[in-house]
Amino acid sequence: MRPYRRLPRPYRRLPRPDRVSLRWKIAALAAATACLVAAAVGVLVHLWTASDIRSRAEMRAFNGVYAAMETYRRTGTLVDGAELDPAGLPLVLDHPADGDRHTAYDGHVDNNVGPSVWAAQRVGGPGSPVLAVQVSMNSELYDLRRLDMSVTVASLVSLAAAVPLAAYGAGLLGRRLRRVSETAGRISAGDLDARTGPTKGGDEVADIAATVDLMADSLGRRLRTERQFTADVAHELRTPVGGLLAATDLLPPGETEDLVRGRVRDLRGLVEDLLEISRLDAGAEHPVRARVPLGAVVREAVARTGFDAPVTVTEAAGTAAAETGETVETDPRRLERIVGNLVVNAHRHGATPVEVTVEGRTVVVRDHGPGFPPDLLRDGPRRFHTGAAERGSGHGLGLTIALGQARVLGAELRLANGPDGGAVATLRLPPS
């Protein structure tokens, strides 16, 4: 038999293997942001420093050519590493304009010399030698690589510090949101007294928590008003319905008297059901426990319904047991009410045969009709709603009352459909 579904479903946060918590999402976002910022800063620093190194090298080469040219013209000697028509001079400087100084970048590296910047100037008129000065940027570029390494290390350290801080802050936020989520889940499960309460901070999470609490207050007021209205209507109808029932005794015997008596009896049953539901909703019902034989109580409850439903009493191991079954401590009146409603519901909305099985502390009632509709299994029974049309007509209060009485007893009532069809209701009594 396929797994049952408990009604109503208590709120439980079900684990989802594919779900990533908000805490780690925020931590990952902080890590990605820190990496992007570090990369952007590192690239900008590298480009700016490289441009500054080249600019300073060009200025040194330019000034070096000027000083070397002045010395060469006065003394005819070359100083500060100046050369005439050097072999490594870039092609762009082979024919500088007369009297003009020019610079060029040379990316060639030879014996740890380079990349470098050349500056050149012709010493005389056209065809005269070219005086050139080479300034190596090797040491500055080495410092640039060290700077890049320092920036990288600093970025990694910052990232290592930022991620735990982001995870801690996201954890605080996640816990606050989880409180709100749990409160909303409890409210959806029917606990209208659930509240988040005061939440630290004046941010959006506090606004959400306050809104959820206000929603719960509003729902609670409306539900209390609805319950009070139901109780008042049922109470006010009780007296005139009793008078109608008494008045039917004055009718002459016949078909009309039977029809009126039957309708008044149905009306009185509906009023009594409404009163019972209102007491269950108000929490005014309390069990009166006694030790009773479970099998005997179930047989009595089935007999009171007037419907044919064979009762099978077995032990937990599956062997035949005594007719009375296991002795349990419960409220026999409420237990009869639950079993009776389940049997009546099976006959009215299902199909025969209706079977009742008592095994240990468990009572199973099943029919062979179309089964419970999917929305009833998903959302639980609703008042004045019988589900699918093929399950017949009625007020839809029987399962609601059975579920409420099961809560009073501390029992578990599950509704499901059998694998071969038919509705299955399972009542499990709590341990004594």
Side-chain angles (χ1 to χ4, degrees), residues 1 4 6-8 265 268-269 272-277 279-281 283-350 352-369 372 380-381 394-395 397-416 418 422-432:
M1 187 174 293
Y4 292 125
R6 183 174 183 175
L7 297 174
R265 190 181 297 110
R268 185 181 65 176
E272 294 297 331
D273 287 346
L274 289 175
L275 282 173
E276 185 174 359
I277 289 177
R279 290 194 300 269
L280 290 171
D281 288 340
E285 296 287 320
H286 302 284
V288 179
R289 301 186 183 275
R291 297 198 66 83
V292 294
L294 181 58
V297 174
V298 171
R299 290 182 186 278
E300 180 67 20
V302 174
R304 288 179 183 274
T305 64
F307 291 105
D308 182 21
V311 179
T312 303
V313 181
T314 62
E315 292 180 346
T319 59
E323 292 295 318
T324 57
E326 182 176 339
T327 300
V328 297
E329 184 176 355
T330 186
D331 188 329
R333 182 183 67 83
R334 299 183 190 279
L335 180 58
E336 288 185 6
R337 181 70 163 148
I338 296 172
V339 174
N341 279 12
L342 294 179
V343 172
V344 171
N345 183 80
H347 276 278
R348 286 182 178 176
H349 306 297
T352 56
V354 175
E355 302 168 348
V356 181
T357 303
V358 180
E359 182 177 347
R361 310 180 68 82
T362 302
V363 181
V364 179
V365 179
R366 72 161 300 171
D367 61 49
H368 292 77
F372 293 115
H395 301 300
L397 300 179
L399 290 179
T400 304
I401 293 174
L403 185 62
Q405 293 290 7
R407 288 201 200 98
V408 174
L409 294 179
E412 180 183 43
L413 178 60
R414 294 186 180 183
L415 306 181
V424 181
T426 302
L427 176 69
R428 290 190 175 91
L429 296 177
S432 299

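All of these numbers come straight from a predicted model, not from anything done at the bench.
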What distance separates [X] [atom1] from [Y] [atom2], expressed to the nearest 0.5 Å?
X	Y	atom1	atom2	result
L403	E412	CG	CD	11.0 Å
R333	R337	CZ	CZ	8.5 Å
T352	D308	OG1	CG	8.5 Å
T426	R366	OG1	CZ	10.0 Å
E336	T305	CD	OG1	11.0 Å
N345	I401	CG	CD1	11.0 Å

Tell me whether [X] contacts the main-chain N or O of [Y] through its side chain, where contact means a donor paired with an acceptor under 3.5 Å.
X	Y	answer
D331	V288	yes
H349	F372	no
R334	A406	no

Closest non-hydrogen atom pair, [X] against [Y]:
X	Y	value
E329	R289	O-NH1, 3.8 Å
A402	N341	N-ND2, 4.1 Å
L415	A425	CD2-CB, 3.7 Å
V302	V343	CG2-CG2, 4.0 Å

Do [X] and [Y] have side chains that approach each other closer than 4.5 Å (heavy atoms only, starting at C-beta)?
X	Y	answer
V356	T312	no
D367	H347	no
R299	V313	yes

Item to check | Single hit among T362, L335, I338, V363 for side-chain contact (heavy atoms from CB on, under 4.5 Å) with L429 | outcome: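 Checked T362, L335, I338, V363 against L429; only one passes side-chain contact (heavy atoms from CB on, under 4.5 Å): L335.
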Next on the checklist: Quick one, V297 with V328, criterion side chain to side chain contact (heavy atoms under 4.5 Å, CB included). Give me CA distance, side-chain angles, the key distance, then yes/no.
Outcome noted: CA-CA 10 Å; V297 174; V328 297; over 6 Å; no
